[in-house]
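Scroll down for the structure; my scribbles are underneath it.
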Amino acid sequence: MNKILLYLLSVLSTVAFSQIKNKTKIEAYSTKNKSVTIFTSADSTSLRLTKTNSDLKFLEMKQPLETQVCVFVNPDKKFQTFMGIGGSITDASAEVFAKLSPEKQTEFINAYYSKDKGIGYSLIRTNMSSCDFSSDVYDYIEDGDKNLNSFTIEHDKKFKIPLIKKAINSIGKDASLYISPWSPPAFMKDNNSKLQGGKLMPEFNQSWANYYVRYINALQKEGIPVWGLTIQNEPMAKQRWESCIFSAEEERDFLKNYLGPTLTKASLGTKKIIIWDHNRDLISQRVSTILSDAQANKYVWGIGFHWYENWSGGEMMFDNIGKVNEMYPDKNLLFTEGCVESFNANKYQLWKNGERYGKSMINDFNNGTVGWTDWNVLLDNNGGPNHVGNFCFAPIHGDLSTKELIYTPSYYFIGHFSKFINKGAKRISSIASRSQLLTTSFQNPDGKLITVVMNQSNSTITYYLYLGTVASEITILPHAIQTLVY
């Protein structure tokens, strides 16, 4: 009898504990009778990251109807940890910045790097020696200096380093800067040019690895902490500007035999090494070749990618990112470059340019990406400077004739993510019931939930934001993007 009684008491205690545990879990995410604040940017309106609602309530809704449009958010299903969002400080960006008035320079720094006054960038990418968005072709050493005895970054001290320092000072402790090379010095390559592709000659493998070390140390001597590096910008692209071809095997072998060991020997082994740094199309072959090699794998923090794979008129290949994430869940995915090409000053406010950003960012994050880096943070009213005439759009342009800053739709689309999602946030499940809506969601370290919803259609849509059995009724304008904070 005592055994039976003890058994019943044990069962009842287990059930009670389970109910308390579940009740606590539900209450932790309870939004019933609480409000959601909405920030909106919409085409053909004046809304630009504008607070449009702050008192929409969550009410008991239970089972949605088949005819209702819904966005379902489940905070219990967590995925990757968010690292940050930012853009590249190139020579071009720094040169344009230097030509702005002090007042406009302050406005620019706040616009990007302040969470309160701007959109809260925290990632910075910068070019190691010249790239297309430089006014000239340059290196940090004299021609033929295999031992790097002439190494100096005096070139960068005029424009690029002062802007990088201002950005880092504004960001604070969350700043993460990484470097990317476009080409080794001409004498190290088989085509004897920094331009038009070519390959690093084997006899210069060690010199080139030493070059990364010298550049990282030089930046850090200037008080600029370097978080990481990519091995080679777009290693499969022969460009009329600075470029260098690395096959998957060549990148793997350079990493494991030279770059990785050289960084480690120089006490820079904690710097995050990013492979690929090119488009989504060939990413799986590159990643498989490098990461299947244990000696190369141990040096790799993550995989960088760009968005230019639709150059032939096809679609962005977002699924490739998700598949690579499935293959190597222990590695980090980082978007390292994207921009709208073919600059045209008549299209500064072309809304679909911003929508390209929104679509890419939502899909990239939903496929496991931890951070997202735009290309040039600032260009002039010609889409440059650029020493080969490869002019592009940036989220902000500095009109050097009027001395004004021009904010394009891309700036606001990026801001719908970067301003509200904080470093250390966890992506959570977010699913739309209709294809017209794209969505992604994060939970910030302070517990707040951030949901981004983008309406790709020409119609105003009313949808229900669902968390379990509670929902809030929300309206989104045609071709609009919203950030919901709750």
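Heavy atoms only: backbone and side chains are in, while hydrogens, waters and symmetry mates are out. For reference, positions follow the sequence shown, starting with 1.
- Looking at Gln105, its side chain does come within 3.5 Å of a backbone N or O of Phe97 through a donor-acceptor pair.
- A distance of 11.0 Å separates OG1 of Thr230 from CD1 of Ile275, quoted to the nearest 0.5 Å.
- Between the side chains of Ser150 and Asp145, at least one donor N or O sits under 3.5 Å from an acceptor N or O.
- Looking only at distances, no side-chain donor or acceptor of Gln206 sits under 3.5 Å from a matching main-chain atom of Tyr258.
- Under 3.5 Å, the side chains of Ser135 and Glu95 contain a donor-acceptor pair of N or O atoms.
- A donor-acceptor contact shorter than 3.5 Å is absent between the side chain of Thr373 and the backbone of Thr336.
- Salt bridge Lys194/Asp139: present, at least one basic N to carboxylate O contact under 4.0 Å.
- Gln80 contributes a side-chain N or O that, together with a main-chain N or O of Thr369, makes up a donor-acceptor pair within less than 3.5 Å.
- A donor-acceptor distance shorter than 3.5 angstrom exists from the side chain of Asn381 to the backbone of Leu400, with no hydrogens or angles considered.
- When all heavy atoms of Lys165 and Glu222 are compared, the closest pair comes out as CE-O, 2.9 Å.
- The minimum heavy-atom distance linking Asp277 with Arg125 is given by the pair OD2-NH2, 3.0 Å.
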- Task: Assess whether salt bridge (charged side-chain N to carboxylate O under 4.0 Å, His left out) is satisfied between Lys104 and Glu107, documenting all intermediate values.
- Result: CA-CA 5 Å; Lys104 288 300 174 182; Glu107 178 186 335; 2.9 Å; yes
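- Counted by atom type alone, Asn205 and Asn257 present zero donor-acceptor pairs between their side chains at under 3.5 Å.
- Heavy-atom minimum distance, Ala111 versus Tyr411: O-OH, 2.7 Å.
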- Checking ring-ring contact (aromatic ring centres under 6.0 Å, His included) for the pair Tyr407/Tyr348: CA distance, chi angles, key distance, verdict? CA-CA 8 Å; Tyr407 296 82; Tyr348 273 134; over 10 Å; no
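- With a 6.0 Å cutoff to the six-membered ring centre and a 45° limit on the axis angle, Lys146 counts as a cation-pi contact of Phe204.
- Gln220 CD to Asn217 CG: the interatomic distance, rounded to the nearest 0.5 Å, is 6.5 Å.
- Inspection of the Glu103 and Thr106 side chains reveals no N or O donor paired with an N or O acceptor under 3.5 Å.
- Closest approach of Trp208 to Pro185, counting heavy atoms only: CZ3-CD, 3.7 Å.
- Ring geometry, Phe393 versus His397: the interplanar angle exceeds 60°, so the pair is classed perpendicular (tilted spans 30 to 60°).
- Of the possible polar contacts, none joining the Lys199 side chain to the Lys189 backbone as a donor-acceptor pair under 3.5 Å is found.
- With contacts defined as side-chain heavy-atom distances shorter than 4.5 Å, the pair Asn310/Glu315 does not qualify.
- Contact record, Gly84 with Ser122: CA-OG, 3.5 Å, taken as the closest heavy-atom pair.
- The side chain to side chain contact (heavy atoms under 4.5 Å, CB included) test with Phe305 singles out one residue from Val324, Val287, Ile283, and that residue is Ile283.
- Contacts classified as side-chain hydrogen bond (donor to acceptor under 3.5 Å, both in side chains) and involving residues 317-333 (residues at least two apart or in different chains) are given here: Asn297-Lys331.
- Donor-acceptor pairing under 3.5 Å is lacking for the side chains of Tyr308 and Glu234.
- Taking a cutoff of 4.0 Å between a charged side-chain nitrogen and a carboxylate oxygen, Arg280 and Glu309 qualify as a salt bridge.
- Side chains of Asp91 and Ser134: a donor-acceptor N/O pair is present below 3.5 angstrom, by distance only.
- In this structure, Leu268 and Thr264 have side chains that are not in contact, with every pair of non-hydrogen atoms separated by 4.5 Å or more.
- The CD1 atom of Ile290 lies 14.0 Å from the OH atom of Tyr299; values are rounded to the nearest 0.5 Å.
- Put simply, the side chain of Leu379 does not reach to within 4.5 Å of the side chain of Val96, judged on heavy atoms.
- Residues Ser41 and His416 are in side-chain contact: their nearest non-hydrogen atoms beyond the backbone lie under 4.5 Å apart.
- Looking at heavy atoms from C-beta onward, Ser360 lies out of side-chain contact with Phe413 at the 4.5 angstrom threshold.
- In this structure, Tyr121 and Tyr113 have perpendicular ring planes: the angle between them is above 60°, well past the 30° mark.
- Taking the ring centre of Trp307 as origin, the terminal cationic atom of Arg356 falls inside the region bounded by 6.0 Å and 45° from the ring axis.
- Annotation: Trp375 is in aromatic contact with Phe133 [ring centroid separation under 6.0 Å].
- Scanning both residues, Phe343 and Cys392, for their nearest heavy atoms gives CD1-O, 3.5 Å.
- Residues Phe417 and Phe442 place their aromatic rings such that the two centres sit no closer than 6.0 Å.
- Heavy-atom contacts from other residues, nucleotides or ligands closer than 6.0 Å to NZ of Lys423 number more than 12.
- Within a 6.0 Å sphere centred on CD of Glu249, other residues, nucleotides and ligands contribute more than 12 heavy atoms.
- For Asp156 (side chain) and Ile153 (main-chain N/O), no donor-acceptor pair under 3.5 Å exists by modelled atom type.
- Checked against the 6.0 Å centroid threshold, Tyr215 and Tyr211 do not count as a close aromatic pair.
- Within the 4.5 Å cutoff, no side-chain heavy atoms of Lys78 are placed close to those of Arg427.
- Checking side-chain atoms of Thr439 against main-chain N and O of Val453 turns up no donor-acceptor pair under 3.5 Å.
- Between Glu355 and Lys352 there is no salt bridge, since no side-chain N of the basic residue sits under 4.0 Å from a carboxylate O of the acidic one.
- When atom types are taken as modelled, the side chain of Asn376 and the backbone of Leu378 share no donor-acceptor pair closer than 3.5 angstrom.
- Counting heavy atoms from C-beta on, the side chains of Lys426 and Phe79 never come closer than 4.5 Å.
- At distances below 3.5 Å, not a single donor-acceptor pair connects side-chain atoms of Asn444 with backbone N or O atoms of Lys448.
- There is no side-chain donor-acceptor pair under 3.5 Å between Ser410 and Asn353.
- Between Ser114 and Ile109 there is no side-chain heavy-atom pair separated by less than 4.5 Å.
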- Give the C-alpha distance, both sets of side-chain angles, the deciding distance and a yes or no for ring-ring contact (aromatic ring centres under 6.0 Å, His included) between Trp372 and Tyr357. CA-CA 10 Å; Trp372 213 90; Tyr357 277 81; 5.7 Å; yes
